[in-house]
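Worksheet: the structure to be examined is printed underneath.
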Amino acid sequence: MSQTFQVDLGGIVDLLARHLYSSPRVYLRELLQNGTDAITALAEVGTSSPSVSSPGDPSAAGPGATTPRVTLRCRPDGSLEVTDTGVGLTLAEAEELLATIGRSSKRDLEMGTGREQFLGQFGIGLLSAFMVADEIELVSRSARHPQAPAVRWTGHADGRYTLVELSDDDPRRPEQPGSTVRLAPRRDLEHWLEPETVAALAADYGSLLPVELLLEVEGADGSVRSRSLSEPVLPWEQTYETPRARELALRSYCESALGFTPLASIDLDLPLAGLSGVAFVLPTAVSPTTSSAHRVYLKRMLLGTKVDELLPPWAFFVRCVVNTTAVRPTASREGLYEDDVLLATRDALGARIRRWTLETLALRDAGSAQLLAVHHLAVRALALVDDDMLDLAVEVLPFECTTGQATLAEIHERYGQIHFTPTVEGYRRIAPVAHAQDLPVVNAGYVYDADLLERVRTRRPSWTVMPVSASDVSQVLLPLEPLRALETTDALVSIREVLAAGGCDVDLRTFEPAQIPSMLLDDRDADHEQEVTSTVSEAADLWGGVLGQFSKPQHRRRLVLNDANPAVRDVLDVADRVVREAGAQALYVTALLQSGRPLPAHEANLMTDALSTLMRSAAAPRDPERHDHLDGGAA
Ligand SMILES: Nc1ncnc2c1ncn2[C@@H]1O[C@H](COP(=O)(O)OP(=O)(O)OP(=O)(O)O)[C@@H](O)[C@H]1O
């Protein structure tokens, strides 16, 4: 036996009214929306046909017609009345539409979707008023059936409602067709219905609506102050005398609407998607992970100020203000429904912003330099997914290189190849030595760069683009003169012995700059060996020769001492073996510290031991011929 679900009406009302929306502030949006939709419905049936596209222009509606208008009246008792000049409701319509949750006159019954000209579609918006009031009253007179009696519907937050006809002499009967929604504030929520709040919310949500929006504040003495909140023309669709005047107007609009002075503005116009607006370029760099907060109007009603699904992820350097008719809102109207229309819109907007970025960067003027300086991360992000931008990035993006800042095109032109380190740490280790040897190595350790260089490698197969490590650089360092090599043989053997205990091999080379005592190569460089070996056959030059040496097995950690460095020479040349070994330990730990690695306890102890050995040796010089340890029998 099939049965029907039982519904706890109070629970459903509570769920929809209080938990669907993120803030009570949306109650006003829903009321404005219903008023505007009622006016649209009236225009649709042709009764007196007021134009909804020319708010504040009564002449547009023709003689005798009412100006399409939504009036917000704040009463001295703290209540709010929202009156529209719309289509109104008969008793039967009110019964069907207001008394049934989820029933909407604005939905296409066959398609199940909202009809294009209306803002609402879900049949739940009115319930949001229960967030600020315990009771909603709607008094209405039908414009379609002017002779039908006026009606009064009262809904309660617990799910009850009453619906009555108003007699012709009832003082509450409206003089004109249309509807008035009346809310008395719930205790402690009075502020939501106060004139300042109502004015601010109405201006935010509804100033661009295609109907006149009027705020009336009634004083205790019966006086009424009224002001229009409408700004009928979309800021980016206004006409200006010069392009410069338009630019300045858009800039100040961005300052007031988004709170920043933009670097530039990009017009967005997608007639097919019913979208128009502007993308404003942020004046400062932002992290790619910052959520993009766009200001989106749906059919000229503010949908949200933090909508982040509008643009592709790489476009994080702009904030948009757009008005659209095509995309669908979620039921809470606080985000966009992820459907094909949104995907197509996002792609088209992305294409527009991409084109502007390409054109601007190609100008190579002050504006493009500024854009690049502030938003190079965004350019990198776009180059990762876009070939045209990649090609341009190769020409214009400056990279840190051991031979100075340069673009990839410049480096390739000058050296015929591009070598890079995929980590900043690796670059820091290599940079001083590579710089002194005039070896060009690009720092690709920052966000996107290593991936970008990989993309350049595939996009330009004729270019040599490959990662290098400290091991590679060490291979180009000069070996010692034969005589000096002979002189240092014994010392090197003893140093190797003492550091082998900690898993470190030692090499002795001579290289510039002489201030650098050593280079420490470790397993992370060794990891890279495989890759280098595989690319070795491609490079028949200096680097190829260097890389070729990787066919021999490497130690996991290798200290390359610099014989040009005075401290290293002191350690090598000291006759006392124990002092030499302590010096070698100190050099090793210093190299470890300089490489930015954490210092394990064993290595930290090495330093303390070395220091104490050196101190004792300085205090009590020993017979250099004796090979016993100080802490052994010397005391
Ligand atoms: N001011 C009004 N004038 C005429 N009809 C109204 C008015 N307010 C509400 N209605 C009727 O009540 C129905 C339900 O309104 P409600 O605000 O709950 O939902 P909706 O506007 O249809 O959709 P949504 O949930 O997306 O806002 C509307 O479809 C409309 O037919």
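Numbering of ligands and ligand atoms starts at 1, following listing order.
By the 4.0 Å N-to-carboxylate-O rule, Arg246 lies close enough to Asp267 to be salt-bridged with it. Comment: Arg346 engages Glu338 in a salt bridge, judged by a side-chain N to carboxylate O separation of less than 4.0 angstrom.
For the pair Ser207 (side chain) and Asp204 (backbone), a donor-acceptor distance under 3.5 Å is absent. Between the side chain of Glu96 and the main chain of Glu93, no donor-acceptor pair closer than 3.5 Å is present.
No hydrogens or angles considered: a donor-acceptor pair under 3.5 Å links the side chains of Ser276 and Trp236. Using modelled atom types, one finds no donor on one side chain facing an acceptor on the other under 3.5 Å when comparing Glu309 with Tyr337.
A heavy-atom cutoff of 4.0 Å around ligand 1 is satisfied by the protein residues Glu30, Gln33, Asn34, Ala38, Asp84, Leu89, Leu97, Leu98, Arg103, Ser104, Ser105, Lys106, Gly120, Gln121, Phe122, Gly123, Ile124, Gly125, Leu126, Ser179.
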